[in-house]
Amino acid sequence: MMFRKMRGFQRISFRNFLMLFSLSAMLILLLLLSSVFFVKIKNFIEEKKQFVISTRMNQISYELNTSLGNMYAMVNNLTTNGRIADYMQQMGVPNTNVITKYELSMDFEKYLYNIRQENEFIDSIVVITSQNQFSSDHTYLDFDLNGIQVKSELAKEHHLVLQGKAAASIIPPSDPDHPKGVSRALEELNKRVFFAANLIGKDGANNGVILILLNPQYVKDAVPYNENIMLFDANRNLIFRGAEVNLSVGVEAHSTTIPFNNMQLVYVERMDFYQQQLLFMAKLTAATCLLALLVAFVSSRVISSKILKPVYQVIQLFKTYEFAKDRCSDERKFVTDKGRFNLRDRFLLYFIITILLPLVVYMVIFYWKSSNIVVDDLKKSHYSLFAKTASYLEHDINQKEVLMARISLDTAVQHEILAKDIKTLEKELLYENHDLGLNRDVIRIYDRSNTLIFSNRYKQTGELDLDFYNQMKGSGRKISYHLTKDDFGNASIVLGMPIISLEKYPEIVGYVTVELDSGYLSNLYGEFKQNGSEMFIVDKDSRIVSHPIAAQIGKVLDSPIGSYRGNYYDFAKEIGGVSWTFISRYNESDVENQVIDLFLSNSYLFFLIFLLMLLFSFYMSQRMLKPLGRLNHMLNEYELGESHRIVLDRISGIDEVDLLSRNFNQMVRRIDDLVVETLVADKERVKLEYEKKEIQLIALQSQINPHFLYNTLDNLIYLVESKEVDRAVEMINSLSRLFRYITNREQMNRMKDEIMYAKTYIHIMSCRYDNFQCVWLMDDAILECGALKLILQPIIENAIHHGARQTRKQVTIEISCMLQEGTIRITVTDNALGMRQEQLSEVREQLADPSVKKAGIYNVHARIKLHFGEAYGLDIDSQYGEGTRVTIQLPAKY
């Protein structure tokens with residue numbers, strides 16, 4: 001028959017063709033899917049980044065604008081404060097004696113100290129007159145500055161003097177005694193940021209200047225995310241720069257305007273943070289793709305072998321048909337059950353597994369890792385907002401504490417409480433101290449006998465709750481609180497502290513309280529509530545003090561603070577000043593649902609890819625089965641004696657299919673020549689020779705246990721490193737004798753050589769295990785008898801590995817070699833654990849089955865019977881917990 005030559009066409013094996021197609025299809029679909037997922041995650045991270053940065057900038061802008069605005073309001077209040085004007089007027093009276101002036105100055109500085117305590121932004125308050133200086137913390141400036149004035153233009157700048165602008169904002173004193181000292185003092189003041197204003201008396205005269213020096217650490221300590229910001233004035237002059245702002249690296253700047261003096265806030269975000277996230281996602285995608293490719297490669301190799309096994313069997317049958325000895329046996333290989341898959345179904349299943357499985361693996365890994373990244377980032381973002389909200393709450397509570405402290409430490413207030421001068425007390429608190437912010441809260445003052453003497457809103461008389469009264473009485477200067485609920489479920493919180501006499505410490509003059517509405521605290525943190533979170537405040541006894549739902553107030557938490565319960569995780573932070581804890585209960589399931597929705601939004605894409613994969617798989621299975629279908633048709637049409645009519649020479653490009661066609665053509669030409677030929681052979685002899693060669697091959701393969709050789713070499717290395725040269729040399733000699741004996745090609749040997757080899761093996765094993773000893777009992781008459789090679793060492797090896805190594809006790813292996821009535825009887829007995837009856841029965845069954853092809857004792861037993869007959873061989877007996885005995889019987893031949 002003539003074959004058409006294949007010119008310019010490279011054939012490929014069927015297995016490789018299947019693998020390349022499935023890998024190519026899988027890779028295309030995987031790249032498409034990964035690209036969509038990566039872009040989706042990238043956009044999600046970018047959107048989240050913009051939200052986080054916008055939220056942070058709003059927080060920073062709010063904090064700075066509020067703090068500076070409060071300072072501006074305080075300056076305006078102090079410049080028009082009647083009490084300060086009275087202090088300045090009284091100290092300016094010429095006839096006032098020194099003692100009175102000293103008491104007034106001390107009272108004035110104490111008043112300034114109380115004002116300073118109200119705001120952490122203030123470092124010091126200094127009042128400078130032409131003659132004196134008064135400070136809130138006894139920190140004074142250079143006295144050469146006495147008599148300075150503030151330029152009127154500073155009012156346009158909200159009285160704020162930035163660093164380096166002091167000299168341009170202040171008018172030096174007229175006729176200074178030390179002009180150089182004034183210049184030097186202004187240079188020192190140039191290094192500070194402060195508010196400054198002239199103090200105008202009731203008569204319109206300038207009584208001095210008030211300077212509020214700002215705390216340089218305030219921005220670092222109180223402003224959130226200050227390490228990432230830069231602050232500029234309206235003229236783009238730098239005011240503050242965060243510690244982590246580095247413009248030399250890749251950064252992304254976001255700016256906004258702070259209403260106060262049109263300051264510019266710039267938030268600098270390092271781009272590498274989110275780039276690292278995106279880079280990690282890219283690496284994850286690449287790693288997952290490689291893993292998917294590996295899965296596809298391995299599965300294609302394994303599955304294609306199963307699928308193509310019938311094809312290869314047919315090729316082998318066609319190729320070796322004329323040498324077949326049992327045609328019926330060959331035919332039985334291809335008899336299949338009707339319920340099994342046909343080849344088309346197998347191809348389709350193969351493509352589904354090798355393409356769909358890697359895609360599923362990729363989606364699972366990508367979803368798992370990327371969801372962890374997204375969930376962690378969302379959790380960090382939530383905690384960032386939570387921490388700032390907690391600081392707002394703590395700041396507001398501290399303001400209440402400062403308010404009560406200022407009232408309680410005011411000597412005039414204390415005198416009026418003791419004198420029960422209610423009208424003067426009201427005038428002092430409501431009119432002259434309007435900068436205290438009394439209009440924002442309900443303030444009450446009680447005398448020491450628990451009688452209400454002042455209230456800025458409700459004038460009805462009343463007493464404090466007795467438990468709350470006793471709690472404040474023993475609290476020192478600490479804040480106490482009392483929670484009440486009326487019949488309608490409206491709750492209120494009362495904060496209070498005792499007023500302790502400054503002259504007769506620790507005598508209590510009275511008590512001051514601040515009442516908060518039930519919704520006051522919840523409004524402070526309500527705007528920061530995110531989806532899936534719940535915020536509330538509890539006290540030290542886990543009782544809810546504030547909650548957006550009024551019905552929850554007063555209840556006790558049923559789980560410890562900060563514990564993880566179900567899908568909820570508690571963020572907790574203590575609020576200073578009171579024994580409260582602010583809690584945000586974070587719902588992780590809602591965040592996880594966001595991530596799930598992120599991936600499910602593209603579920604249609606995966607469904608489309610799945611349909612495409614099914615179409616590709618069905619099309620390719622059909623294409624590959626066409627040549628096999630033609631072959632099947634020719635087989636059905638074939639009739640004996642018509643081989644010249646069978647021609648299959650079409651080239652498919654698949655090596656196995658073309659080979660199958662060529663072998664089929666050759667086979668059908670030979671069939672007519674082989675139909676009358678019979679194969680006569682001595683099946684028993686062939687079988688016996690085959691078994692003998694196979695047993696010998698197993699014996700040669702099992703002569704050296706690789707693990708035994710590896711461990712022996714490891715022991716040699718250890719002995720050499722330990723400089724135990726003698727033992728190492730001895731072990732090398734033993735190993736050399738062992739190999740010399742093994743490499744001897746003779747199958748038969750003398751009994752003394754076999755015993756010497758076994759002793760050499762025992763010596764090597766004793767270097768590795770020290771919990772066994774061997775006892776030899778030998779009849780010298782057998783030493784010159786012939787014996788099969790390697791029959792004793794496998795028995796001893798079993799006693800060591802299955803006996804001594806399985807127990808910690810010392811094991812004795814007794815080896816007896818005796819001559820009994822023309823028979824050599826060898827017994828190997830150990831006192832190790834032994835075998836259970838079911839194990840012993842299984843070993844005996846395998847010894848009795850000649851078809852079992854194993855090494856060890858089975859090999860020894862088979863070779864003895866093969867060489868000496870059925871009367872000889874190996875027997876085993878064992879008792880669990882007592883030991884094992886193996887008996888070998890050989891003919892005594894010299």
Can any side-chain N or O of Asp142 pair as donor or acceptor with the backbone N or O of Asp144 at less than 3.5 Å?
yes

Ion pair Arg192/Asp123, N-O distance below 4.0 Å:
yes

Any side-chain to backbone donor/acceptor pair from Asn198 onto Ile200? Under 3.5 Å, distance only.
no

As a test of understanding, state which of Leu213, Val126, Leu141, Leu112 forms a side-chain contact (heavy atoms from CB on, under 4.5 Å) with Ser135.
Val126

Asp539 (side chain) donor-acceptor with Val545 (main chain) under 3.5 angstrom
no

So that I know where these two stand, are His159 and Phe195 an aromatic pair - ring centroids less than 6.0 Å apart?
no

Within the side chain of Ser105, is there an N or O that forms a donor-acceptor pair under 3.5 Å with the backbone of Tyr102?
yes

Is the backbone of Gly208 close enough, under 3.5 Å, to the side chain of Asn206 for a donor and an acceptor to pair up by distance?
yes

Quick note, ring-ring contact (aromatic ring centres under 6.0 Å, His included) partners involving residues 121-150, not counting sequence neighbours, are Phe108-Phe134, Phe121-Tyr218

Any side-chain heavy atom of Phe536 sitting closer than 4.5 Å to one from Val538?
yes

Gln133 and Asn146 side chains, donor-acceptor separation under 3.5 Å:
yes

Rounded to the nearest 0.5 angstrom, the NZ-OG distance for Lys573 and Ser584 is 13.0 Å

Can you tell me if CD on Glu574 sees more than 12 non-hydrogen neighbours from other groups inside 6.0 Å?
no

Within the side chain of Asn215, is there an N or O that forms a donor-acceptor pair under 3.5 Å with the backbone of Ile122?
no

Is a donor on one side and an acceptor on the other found under 3.5 Å between the side chain of Glu109 and the backbone of Asp137?
no

Tell me if a side-chain donor or acceptor on Asn77 pairs with a main-chain N or O of Ala73 at a distance below 3.5 Å.
yes

Ignoring hydrogens and angles, tell me if any N or O in the side chain of Gln414 forms a donor-acceptor pair with the backbone of Ser408 under 3.5 Å.
yes

Has His158 got a side-chain atom pairing as donor or acceptor with Leu160's backbone, closer than 3.5 angstrom?
no

Starting from the C-alpha separation in whole Å, work towards a yes-or-no answer on side-chain hydrogen bond (donor to acceptor under 3.5 Å, both in side chains) for Thr257 and Gln264.
CA-CA 5 Å; Thr257 300; Gln264 295 294 316; 3.1 Å; yes

